Amino acid sequence: EDKLPVWNYNLRNPAAVRELADEYIAAGARIILANTFGANGPAVRYASDYTVEEVVSAGVRIAREAAAGTGVQVALSAGPLTQLLEPYGRLKRAEVRQIYQEMLGAGMAEHPDLIMLQTFMDVEMMRIAAEAAMECGVPVFCTMTFERVGKTMMGNSVEDVLQALTPLGIGAVGINCSLGPDLALPILREFSEKTDLPLVFKPNAGKPILKADGSAR
């Protein structure tokens, strides 16, 4: 059970998911993310007997229940697909769009305040997801994951990201995951120099350090 994708717990152990949401709110978070990041159609059908609608709607519902009466906003979270787009992989653009429309539509039924598209490495996949998200009628935040060279793993630059996403009317753009704050700051600075959009900054806390006994901290 420890190896289950975390979105399973929206239905298998919703109390644990709710507890985490409560802890983020208690810590001062003004936006909490629903536990829906990887709950897209291919992943859900591969790793469970649930439907996308069941998993995603439950994730948003748990977050909304935690946020009720607090003034905290709830973000429907979605990440990249594990397969690559053509020509690097087999995924067709129409197929990707349909996957995100299914996932985001399931979450919107529970009325999140915004959509957070995060940890994308391919700006073309992000653009398709953002187009689907912009149809939902709530603000859309888009964050890519960068390498220390200042580009994503697929070779996309800050300028590539802004050229692809700014015309869509997204609410904010930025960086998340991969790098720690020190290495991510120059990339954020480049965003700030090239766009007037609000910026999202969610770097890693740092890489785990293995101790002599084999544990991590």
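All residue numbers refer to positions in the sequence shown, counting from 1. None of the values given here were measured: they were computed from a predicted structure.
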Just checking Glu53: does its CD atom have more than 12 heavy atoms from other residues, nucleotides or ligands closer to it than 6.0 angstrom? no

Check this for me: does any side-chain nitrogen of one of Arg97 and Glu131 sit under 4.0 Å from a carboxylate oxygen of the other? yes

Hphob cluster co-occupancy, Leu4 + Val17, side-chain heavy atoms under 4.5 angstrom: yes

Quick one: does Asn156's side chain have a donor or acceptor within less than 3.5 Å of a partner on Val123's backbone? yes

Do Thr195 side-chain atoms and Ser192 backbone N/O form a donor-acceptor pair below 3.5 Å? no

Heavy-atom distance under 4.5 Å between the side chains of Ile25 and Ile32, does that happen here? yes

Are the side chain of Asn10 and the backbone N or O of Asn35 linked by a donor-acceptor pair below 3.5 Å? yes

What I want to find out is whether Arg93 reaches Glu124 closely enough, with some N-O distance under 4.0 Å, to be called a salt bridge. yes

Between Leu76 and Leu104, is there a side-chain heavy-atom distance shorter than 4.5 Å? yes

Counting neighbours of OH on Tyr24 that are heavy atoms of other residues, nucleotides or ligands and sit closer than 6.0 Å, is the number greater than 12? no

Return yes if some donor-acceptor pair links the side-chain N/O of Glu54 with the main-chain N/O of Thr51 below 3.5 Å, else return no. yes

Side-chain heavy atoms of Ile31 within contact of Val72, under 4.5 Å: no

Does this structure show an ion pair linking Glu190 with Lys194, if we count only N-O contacts that are shorter than 4.0 Å? yes

Is Tyr88 reachable from Leu91 through a run of I, L, V, M, F, W or Y residues, each pair having side-chain heavy atoms under 4.5 Å apart? no

Taking NZ, NE, NH1 and NH2 as the nitrogens, is one of them in Asp113 or Arg64 under 4.0 Å from a carboxylate oxygen of the other? yes

Do Gln163 and Glu159 make a side-chain contact, defined as non-hydrogen atoms from C-beta onward lying under 4.5 Å apart? yes

Applying side-chain hydrogen bond (donor to acceptor under 3.5 Å, both in side chains), run through Ser77 and Gln118 and close with a yes or a no. CA-CA 7 Å; Ser77 170; Gln118 57 179 348; 2.9 Å; yes

Met108/Val138 under side chain to side chain contact (heavy atoms under 4.5 Å, CB included): CA gap, chis, key distance, verdict: CA-CA 9 Å; Met108 290 307 300; Val138 296; 3.7 Å; yes

May I ask you to check whether over 12 heavy atoms, not counting those of Glu147, lie within 6.0 Å of atom CD? yes

Hey, are Asn176 and Thr119 close enough side-chain-wise for a donor-acceptor pair under 3.5 Å? yes

What's the separation between atom CD in Glu95 and atom CD in Glu86, rounded to the nearest 0.5 Å? 9.0 Å

Validation row: Val173, Leu199 side chains within 4.5 angstrom (heavy atoms): yes

After noting the C-alpha distance and the side-chain angles of Lys202 and Leu33, does the key distance pass the side chain to side chain contact (heavy atoms under 4.5 Å, CB included) rule? CA-CA 12 Å; Lys202 277 183 56 185; Leu33 273 60; 3.7 Å; yes

Hey, is CG on Asp182 packed in by over 12 heavy atoms from elsewhere, all under 6.0 Å? yes

Can you tell me how far the NZ atom of Lys92 sits from the CG atom of Leu85, to the nearest 0.5 Å? 11.0 Å

Side-chain heavy-atom pair Ser57, Arg61 within 4.5 angstrom cut-off: yes

I'd like to know if Ile170 and Phe141 are part of one continuous hydrophobic network [Ile/Leu/Val/Met/Phe/Trp/Tyr, side-chain heavy atoms within less than 4.5 Å]. no

Would you call Phe37 and Val6 a side-chain contact if the rule is heavy atoms closer than 4.5 Å? no

Nearest 0.5 Å please: distance from the CG atom of Asn40 over to the CH2 atom of Trp7. 8.5 Å

Closest contact, heavy atoms only, Gly71 versus Arg30: O-NH2, 3.7 Å

State the CG-CE distance between Asp160 and Met144, to the nearest 0.5 angstrom. 9.0 Å

Quick one, Ile115 and Pro139 - any side-chain contact, counting heavy atoms below 4.5 Å? no

Would Val158 and Leu188 show up in the same hydrophobic cluster when neighbours are defined by side-chain heavy atoms closer than 4.5 Å? yes

Side chain to side chain contact (heavy atoms under 4.5 Å, CB included) for Ile99 and Leu81? Distances and angles first, verdict last. CA-CA 9 Å; Ile99 289 169; Leu81 307 181; 3.8 Å; yes

Is there a path of hydrophobic side-chain contacts, each under 4.5 Å between heavy atoms, that joins Ile128 and Met153? no

What class does the angle between the rings of Phe146 and Phe191 fall in, given that below 30° is parallel, 30 to 60° is tilted and above 60° is perpendicular? perpendicular

As a quick check of understanding, evaluate side chain to side chain contact (heavy atoms under 4.5 Å, CB included) for Phe201 and Leu185, giving each step before the final call. CA-CA 9 Å; Phe201 190 54; Leu185 270 172; 4.0 Å; yes

Between CD on residue Glu135 and OH on residue Tyr100, distance to nearest 0.5 Å: 14.5 Å

Measure the CD-CG distance between Gln73 and Leu114 for me, rounded to the nearest 0.5 Å. 6.0 Å

